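See below for the structure under consideration.
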Amino acid sequence: MEAPSPWLTQPREAYHDWQVNEAAGADRRAFSQRSIVQHVAMFDRLLRFLTQHHTTLATFGPDHLGAFFEDVEKRCEPGTTTRLRYFKLVDRLCRHLVEIGLREANPAASFAEQAWPEAEPIPLFLDAAADAALQAYVQDLASDDTRAARSRAVVALLLGTGITAVECRLACAGDVTLIGERPEIRVPKRGPRLERVVALPPFSLPALLAWQNHRPVSARELLFVGPQTPDRPVNDALLGTIVRDALDAIGFVAPDMSPRVLRNTFARRALLAGKSNADVTRLLGLASQRTAIRMRATLPRT
């Protein structure tokens with residue numbers, strides 16, 4: 001049975017973890033601790049409103065948002081930007097929920113006249129040299145203990161397949177085939193994303209095989225679990241730390257050092273290898289080619 005999303009079971013914790021490890025502003029910079037505290041308080045207000053109206057993060061619609069923004073406006077001082085700040089927070093949240101497959105559409109889109117950034121931010125990715133450095137890093141298995149082996153396998157899987165952080169957290173051992181002519185990962189259907197199969201590149205196999213040897217489990221057990229919770233998926237906070245530590249190890253510094261950078265790198269690598277926008281969109285499990293188009297815009301002109 002598919003584990004319920006933490007956005008539905010523990011939404012406040014899921015939002016906080018996302019803010020700390022992945023979320024970024026329009027300038028692609030991570031939020032300060034002060035901003036995160038403010039955002040969590042604003043999210044709590046939205047969550048209370050949704051609970052009072054018997055809906056969830058997966059089911060609320062534009063009508064709920066209209067009523068919420070009206071409530072915000074009635075309670076804020078005239079001439080302030082409070083409503084706009086709430087709109088930006090909700091829009092950013094909804095975009096993320098669509099990206100992870102919890103929602104099919106962004107209900108905040110109908111409020112776009114609130115003036116969200118005019119241009120798409122440039123997606124962050126590893127250039128060819130940094131990509132090669134990280135590939136080499138995940139294959140350096142000398143003296144790995146269990147913790148290091150897990151971290152290396154996590155990064156190898158994310159960098160090699162472009163799956164999302166949620167898909168990595170919920171992957172089962174039986175979803176991954178390491179031996180045979182075609183090593184691959186099967187990504188089950190979640191939300192609007194259809195089931196897909198992604199080939200595992202050679203550079204990812206040593207770390208994944210080493211992790212399999214460290215922790216042999218049955219096909220239905222989780223591939224990665226938390227250190228203190230052997231029956232639960234590794235959490236978002238730890239996953240973000242694992243990726244950030246790996247990027248630190250190769251000297252990569254950027255405003256965003258989350259699993260999203262590895263997903264973008266996978267997509268760009270596939271485009272450089274000659275795959276079409278449609279191919280990359282399918283490999284990413286997306287319905288729209290928007291991400292592939294944005295990544296193609298970063299390729300060198302010929």
Side-chain angles (χ1 to χ4, degrees), residues 1-24 31 36 39-72 83 85-112 114 116 162-172 175 186-196 222 226 229 232-240 258-260 263 281-282 284-291:
M1 177 183 293
E2 180 178 329
S5 169
W7 285 94
L8 299 179
T9 58
Q10 297 177 299
R12 190 179 192 276
E13 291 77 7
Y15 183 83
H16 178 270
D17 288 346
W18 174 56
Q19 287 284 297
V20 170
N21 294 294
E22 292 190 57
F31 294 119
I36 290 173
H39 292 171
V40 170
M42 294 167 71
F43 176 77
D44 283 345
R45 182 174 180 177
L46 171 66
L47 204 58
R48 289 194 300 271
F49 182 91
L50 298 181
T51 301
Q52 291 167 2
H53 288 77
H54 309 291
T55 187
T56 70
L57 293 174
T59 57
F60 74 87
D63 290 345
H64 295 107
L65 285 185
F68 175 70
F69 290 141
E70 285 181 13
D71 183 70
V72 167
R83 177 186 169 113
R85 288 190 291 112
Y86 268 97
F87 166 74
K88 290 183 176 182
L89 179 139
V90 173
D91 185 60
R92 186 183 292 114
L93 168 66
C94 290
R95 291 183 184 202
H96 178 67
L97 297 180
V98 171
E99 182 180 350
I100 65 174
L102 189 67
R103 299 192 61 103
E104 293 188 12
N106 176 3
S110 58
F111 299 86
Q114 300 288 333
W116 191 242
I163 63 174
T164 67
V166 172
E167 290 167 343
C168 180
R169 291 177 58 249
L170 300 181
C172 292
D175 296 333
R186 181 187 65 84
V187 186
K189 181 183 185 306
R190 289 192 176 92
R193 293 183 181 169
L194 298 177
E195 178 178 317
R196 65 191 191 278
L222 291 166
T229 53
R232 295 178 65 91
V234 60
N235 62 42
D236 284 322
L238 180 55
L239 200 69
S258 72
R260 184 187 299 110
R263 182 166 162 85
T281 297
R282 177 181 53 79
L284 294 176
L286 300 174
S288 166
Q289 293 189 16
R290 175 171 164 264
T291 296

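Along the sequence shown, residues carry numbers from 1. Source: prediction; values computed, not measured.
The closest donor-acceptor contact from the side chain of Arg263 to the backbone of Leu284 lies under 3.5 Å. The closest donor-acceptor contact from the side chain of Arg12 to the backbone of Phe43 lies at 3.5 Å or more, if one exists at all.
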> Where do Val90 and Cys94 land on the side chain to side chain contact (heavy atoms under 4.5 Å, CB included) test, with the steps shown first?
Replying inline: CA-CA 6 Å; Val90 173; Cys94 290; 3.9 Å; yes
> Between Trp7 and Leu93, does a side chain to side chain contact (heavy atoms under 4.5 Å, CB included) hold up when you go through it step by step?
Replying inline: CA-CA 11 Å; Trp7 285 94; Leu93 168 66; 3.5 Å; yes
> Can you check side chain to side chain contact (heavy atoms under 4.5 Å, CB included) on Asp63 and His53, steps first, answer last?
Replying inline: CA-CA 11 Å; Asp63 290 345; His53 288 77; over 6 Å; no
>> I'd like to know whether Val40 forms a side chain to side chain contact (heavy atoms under 4.5 Å, CB included) with Tyr15, so could you lay out the CA-CA distance, the side-chain angles of the two residues, the decisive distance to 0.1 Å, and finally the verdict.
In response: CA-CA 7 Å; Val40 170; Tyr15 183 83; 4.1 Å; yes
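For the atom pair Arg169 CZ and Asp236 CG, the distance stands at 4.5 Å (nearest 0.5 Å). One finds the OG1 atom of Thr51 at 12.0 Å from the CZ atom of Phe60 (value rounded to the nearest 0.5 Å). Here the CD atom belonging to Gln19 is positioned 9.5 Å from the NE2 atom belonging to His96, to the nearest 0.5 angstrom. Here NE2 of His39 is found 8.5 Å from CZ of Arg85. Values are rounded to the nearest 0.5 Å. Within the model, atoms OH of Tyr86 and CG of Leu65 stand 13.0 Å from one another, a figure rounded to the nearest 0.5 Å. Of the inter-residue distances, the one linking Met42 atom CE with Lys88 atom NZ reads 10.5 Å to the nearest 0.5 angstrom.
Ion pairing between a basic and an acidic side chain is recognised when a charged N comes within 4.0 Å of a carboxylate O; Asp44 and Arg48 show no such pairing.
What you find for Val98 and Asn106 is that their closest heavy atoms are CG2-N, 3.8 Å. For the residue pair Pro259 and Gly240, the shortest heavy atom distance occurs at CD-CA, 4.4 Å. Of all non-hydrogen atoms in Ala108 and Phe87, the two that sit nearest each other are O-CE1, 3.6 Å. Heavy atoms only, all atoms of each residue included: Leu239 and Cys168 are closest at CD1-SG, 4.2 Å.
Under the 4.5 Å side-chain criterion, counting only non-hydrogen atoms from C-beta, Val234 is not in contact with Leu222. Put simply, the side chain of Thr164 does not reach to within 4.5 Å of the side chain of Ile100, judged on heavy atoms. At a threshold of 4.5 Å between non-hydrogen side-chain atoms, the residues Asp71 and Arg45 count as touching. The closest side-chain heavy-atom distance from Pro188 to Asp175 is below 4.5 Å.
In this structure, Phe68 has its ring center no closer than 6.0 Å to that of His64.
Atom CZ of Arg232 is surrounded by 12 or fewer heavy atoms from other residues, nucleotides or ligands within 6.0 Å.
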